[in-house]
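Structure first, commentary second.
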Amino acid sequence: MNDNTDVFDVAVIGSGPAGISAALTLNAHNKSIVWFGTDMLSNKVEKSEMIANYAGCEMISGPELNSRFRSQIRSAGLELTDRMVTQVSKYNEEFMLLAANRMYKAKTVLFAIGTVPDKGVKNELELLGHGVSYCATCDGFFYKGRSIAVFCSSKRYEHEVEYLAEIAHRVYLFANYTDIGIKADNVELLDKPIKAVVGDRKVDAVRLTDDSVIAVDGVFFLRNAVAPTTILKGLQMDGPHIAVNRDCCTNIPGCFAAGDCTGRPYQIAKAVGEGNVAAHKITEFLANKRD
């Protein structure tokens with residue numbers, strides 16, 4: 001595992017409106033940032049045909065708004081790290097973040113991950129680390145010559161599926177999008193979603209929504225985000241959302257959250273506002289640590 005020795009002021013997780021707003025504000029305050037996300041930015045925004053309630057834009061399409069966001073990001077000189085964060089832990093006064101088999105360090109963390117499933121499929125969390133994985137490059141080598149199931153949520157993860165296909169004997173793939181581009185001979189496309197992971201102390205199989213069972217040695221869930229409590233143990237939740245106060249502070253000092261992951265309304269304006277609030281409170285938190 002590679003260890004990035006730089007300690008950033010802030011690790012921002014998510015490249016939707018909340019993450020963008022926070023990153024721009026933190027950058028204006030000269031904070032060092034590692035920003036996890038993709039240049040595709042928010043898929044939710046991209047799929048919006050027309051946005052009519054965002055201040056300053058009478059009517060704007062989702063793709064056009066994302067294009068403006070990209071232009072602003074480039075103008076600010078900010079860079080996105082296209083790696084999914086799968087684990088965050090606090091050690092002394094710093095946060096350690098694991099993303100695609102690489103470790104990062106930061107003084108503060110901001111969750112701006114949008115809405116994500118809080119539990120996933122049945123037994124997913126119970127067997128995490130015992131045959132269930134969220135990272136192909138981290139854990140794929142454990143399944144050389146074996147059979148695995150893969151849930152893929154986006155075309156951006158198809159290279160990970162192809163990587164797994166090079167290692168495993170058989171890959172049973174369910175993708176919840178069209179235009180699947182995987183061509184490997186040992187990949188079998190499933191026409192029914194995965195309903196549950198089957199196993200006691202380790203993964204033995206997956207159960208599909210038609211109740212058919214396929215024997216496998218492991219399961220990979222390649223999603224845009226992982227449930228917050230899976231990433232950071234001890235993070236307090238309010239139902240499916242991260243619990244925060246008006247300052248976007250979570251129950252863990254130095255950890256903040258903004259946007260859809262903190263609850264309704266799921267609005268761009270709300271996400272941008274919370275991202276700005278969080279950035280200012282992070283700046284204040286870092287200043288108080290120096291005093």
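This structure is a prediction, so every number in the text was calculated from the model and none was measured.
The same ILVMFWY cluster, assembled from side-chain heavy atoms under 4.5 Å apart, contains both Val216 and Leu127. In this structure, Tyr172 is not a member of the same hydrophobic cluster as Val213, with clusters built from ILVMFWY side-chain heavy atoms closer than 4.5 Å. Under a hydrophobic clustering in which Ile, Leu, Val, Met, Phe, Trp and Tyr are joined whenever their side-chain heavy atoms come within less than 4.5 Å, directly or via other members, Ile268 and Met40 fall into different clusters. Clustering ILVMFWY residues whenever any of their side-chain heavy atoms sit less than 4.5 angstrom apart, transitively, puts Leu41 in the very cluster that holds Leu78.
Rounding to the nearest 0.5 Å gives a distance of 9.5 Å between CG of Leu173 and CD1 of Ile148. For the atom pair Met84 CE and Arg156 CZ, the distance stands at 8.5 Å (nearest 0.5 Å). Taking OG1 from Thr115 and NE2 from His241, the interatomic distance works out to 7.5 Å, rounded to the nearest 0.5 Å. Atoms CE and CG, from Met59 and Asn53 in turn, are 10.0 Å apart once rounded to the nearest 0.5 Å. Atom-to-atom distance recorded for Cys57:SG and Leu65:CG is 6.5 Å, nearest 0.5 angstrom. Taken to the nearest 0.5 Å, the NE2 atom of His130 stands 12.5 Å off from the CG atom of Asn123.
Evaluation of the ring pair (Phe, Tyr, Trp, His ring centres under 6.0 Å) rule for Phe142 yields no partner, not counting sequence neighbours. With sequence neighbours excluded, the residues that form a salt bridge (charged side-chain N to carboxylate O under 4.0 Å, His left out) with Glu64 are Arg68. Every residue meeting the side chain to side chain contact (heavy atoms under 4.5 Å, CB included) condition with Glu160, not counting sequence neighbours, appears here in chain and number order: Ala136, Tyr157, Leu222. A search for salt bridge (charged side-chain N to carboxylate O under 4.0 Å, His left out) contacts involving Asp217 returns Arg146, not counting sequence neighbours. Remark: Ala165 pairs with Val171, Ala184, Asn186, Val187 by the side chain to side chain contact (heavy atoms under 4.5 Å, CB included) rule, at least two apart or across chains. In this structure Ala196 satisfies the side chain to side chain contact (heavy atoms under 4.5 Å, CB included) test together with Lys122, Arg207, sequence neighbours excluded. Not counting sequence neighbours, the partners of His29 by the side chain to side chain contact (heavy atoms under 4.5 Å, CB included) test are Thr25, Lys31, His280, Thr283. With sequence neighbours excluded, no residue forms a disulfide bond (SG atoms under 2.5 Å apart) with Cys249.
Of all heavy-atom pairs between Gly114 and Cys261, the closest is O-CB, 3.2 Å. Contact detail for Leu110 and Ala258: the closest heavy-atom pair is CD1-N, 3.9 Å. Summarising the geometry of Ile33 relative to Asn27, their closest heavy-atom pair is CD1-N, 3.8 Å, with the distance given to 0.1 Å. Among all heavy-atom pairs drawn from Val219 and Phe221, the shortest one is CG1-CE1, 3.6 Å. Here the shortest heavy-atom pairing between Val197 and Val121 reads CG2-CG2, 4.0 Å. Between Asp9 and Asn30, the shortest heavy-atom contact is OD2-O, 4.4 Å.
In the displayed structure, Glu79 atom CD is contacted under 6.0 Å by at most 12 heavy atoms of other residues, nucleotides or ligands.
Classified by interplanar angle (parallel below 30°, tilted 30° to 60°, perpendicular above 60°), the ring pair Phe285/Phe256 is perpendicular. Tyr143 and Phe220 have perpendicular rings, their planes meeting at more than 60° on a 0 to 90° scale where under 30° would count as parallel.
Side-chain contact between Leu208 and Ile194 is present, with heavy atoms from C-beta onward closer than 4.5 Å. Side-chain contact check for Asp260 versus Ile113: every heavy-atom pair is 4.5 Å or farther apart. Taking the side chain as every heavy atom from C-beta outward, Arg83 and Arg102 approach each other to under 4.5 Å. By the 4.5 Å heavy-atom criterion applied to side chains, Phe36 and Leu97 are counted as neighbours. You'll find the side chain of Thr229 reaches within 4.5 Å of the side chain of Met237, heavy atoms only. For the pair Lys105 and Phe8, the minimum side-chain heavy-atom distance is 4.5 Å or more. Inter-residue side-chain proximity for Glu158 and Tyr177 is flagged as met; some heavy-atom pair is nearer than 4.5 Å. Considering only heavy atoms from C-beta on, Thr230 comes within 4.5 Å of Leu128 through its side chain.
One finds a salt bridge joining Arg223 and Glu124 here, because a Lys/Arg side-chain nitrogen approaches an Asp/Glu carboxylate oxygen to under 4.0 Å. Ion pair Lys195/Asp210 not flagged as a salt bridge, since none of the NZ, NE, NH1 or NH2 atoms sits closer than 4.0 Å to an Asp/Glu carboxylate oxygen.
With hydrogens and angles disregarded, no donor-acceptor distance shorter than 3.5 Å links the side chain of Ser48 to the backbone of Ile51. No donor-acceptor distance shorter than 3.5 angstrom exists from the side chain of Asp139 to the backbone of Gly131, with no hydrogens or angles considered. Distance alone, capped at 3.5 Å, is enough to place a donor-acceptor pair between the Asn245 side chain and the Cys248 backbone. Counting only distance, with no hydrogens or angles, the side chain of Glu274 and the backbone of Gly259 share a donor-acceptor pair below 3.5 Å. Checking side-chain atoms of Asn251 against main-chain N and O of Gln236 turns up a donor-acceptor pair under 3.5 Å.
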(request) Show your reasoning for whether side-chain contact (heavy atoms from CB on, under 4.5 Å) applies to Ile252 and Val109. (result) CA-CA 10 Å; Ile252 298 175; Val109 171; over 6 Å; no
(request) Determine, stepwise, if the pair Val88 / Met96 fulfils side-chain contact (heavy atoms from CB on, under 4.5 Å). (result) CA-CA 6 Å; Val88 177; Met96 313 287 287; over 6 Å; no
(request) Please lay out, stage by stage, how Val10 and Lys107 fare under the test side-chain contact (heavy atoms from CB on, under 4.5 Å). (result) CA-CA 6 Å; Val10 192; Lys107 299 173 186 175; over 6 Å; no
(request) Could you give me the CA-CA distance, side-chain angles and deciding distance for Asn176 and Phe151, then say whether side-chain contact (heavy atoms from CB on, under 4.5 Å) is met? (result) CA-CA 8 Å; Asn176 64 344; Phe151 168 81; 3.7 Å; yes
Output side-chain donor-acceptor pairs under 3.5 Å for residues 199-206, partner residues at least two apart or in another chain, one line each.
| unit_1 | atom_1 | unit_2 | atom_2 | d |
| --- | --- | --- | --- | --- |
| Lys202 | NZ | Asp204 | OD1 | 3.0 |

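Among pairs with a residue in residues 226-254, those fulfilling salt bridge (Lys or Arg N to Asp or Glu O under 4.0 Å) read Asp247-Lys281, at least two apart in sequence or across chains. Applying the ring pair (Phe, Tyr, Trp, His ring centres under 6.0 Å) test to pairs two or more places apart or on separate chains, none has a residue in residues 48-99. Sorted by first and then second residue, the disulfide (SG to SG under 2.5 Å) pairs with a member in residues 129-180 read Cys135-Cys138; sequence neighbours excluded.
The closest side-chain donor-acceptor pair between Thr262 and Lys270 falls under 3.5 angstrom. Between the side chains of Asn276 and Ser21, not a single donor N or O lies within less than 3.5 Å of an accepting N or O.
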